[in-house]
Amino acid sequence: MLVKCFSCGIADRLADGKLWCLKYQFELSNAIAEEKSNCYYFAEPQYEDGEPLTAEQNLMIKECELASRRMRGPV
């Protein structure tokens, strides 16, 4: 079963092989991943010059993207 959290760009792999959500600061398990399947911060992993960006970089990009969306609207 493919769950979004396991393919998210802001999920960092720990030394013991487990995944850690940088935004919400918790270890990803099957139960938690299914519960968070509609996460507002889900981001596809991004690449620059063929190298994947770190989870921290993906999180910064996503936060900037969401902040810019809030600034739109009628003036």
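Residues take their numbers from the sequence shown, with the count starting at 1. Because only heavy atoms are used, hydrogens play no part in the values below, and waters and symmetry mates are left out as well, while side chains stay in. As the structure is a prediction and not an experimental result, all values here were calculated from the model.
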Within one Ile-Leu-Val-Met-Phe-Trp-Tyr cluster: [X] and [Y], side-chain cutoff 4.5 Å:
X   : Y   : result
I61 : Y41 : no
F42 : F6  : no
L59 : Y24 : yes
L28 : Y40 : yes

D16, CG atom: more than 12 neighbouring heavy atoms under 6.0 Å: yes

Atom [atom1] in [X], atom [atom2] in [Y]: separation rounded to 0.5 Å?
X   : Y   : atom1 : atom2 : result
M60 : E65 : CE    : CD    : 14.0 Å
K23 : C8  : NZ    : SG    : 12.0 Å
L53 : I10 : CG    : CD1   : 13.5 Å
L19 : D12 : CG    : CG    : 8.5 Å

Non-hydrogen atoms of S7 and P45 that approach each other most closely: O-CD, 3.3 Å

In short, A55 meets L22 closest at the heavy-atom pair CB-CD1, 3.3 Å

Check: Q57 side chain, T54 main-chain N or O, donor-acceptor pair, under 3.5 Å: yes

Would you say E51's side chain and E48's backbone share a donor-acceptor pair under 3.5 angstrom? no

Would you please name every residue forming a salt bridge (Lys or Arg N to Asp or Glu O under 4.0 Å) with E27, sequence neighbours left out? K18

Walk me through whether W20 and R13 qualify under side chain to side chain contact (heavy atoms under 4.5 Å, CB included). CA-CA 6 Å; W20 181 260; R13 190 157 302 276; over 6 Å; no

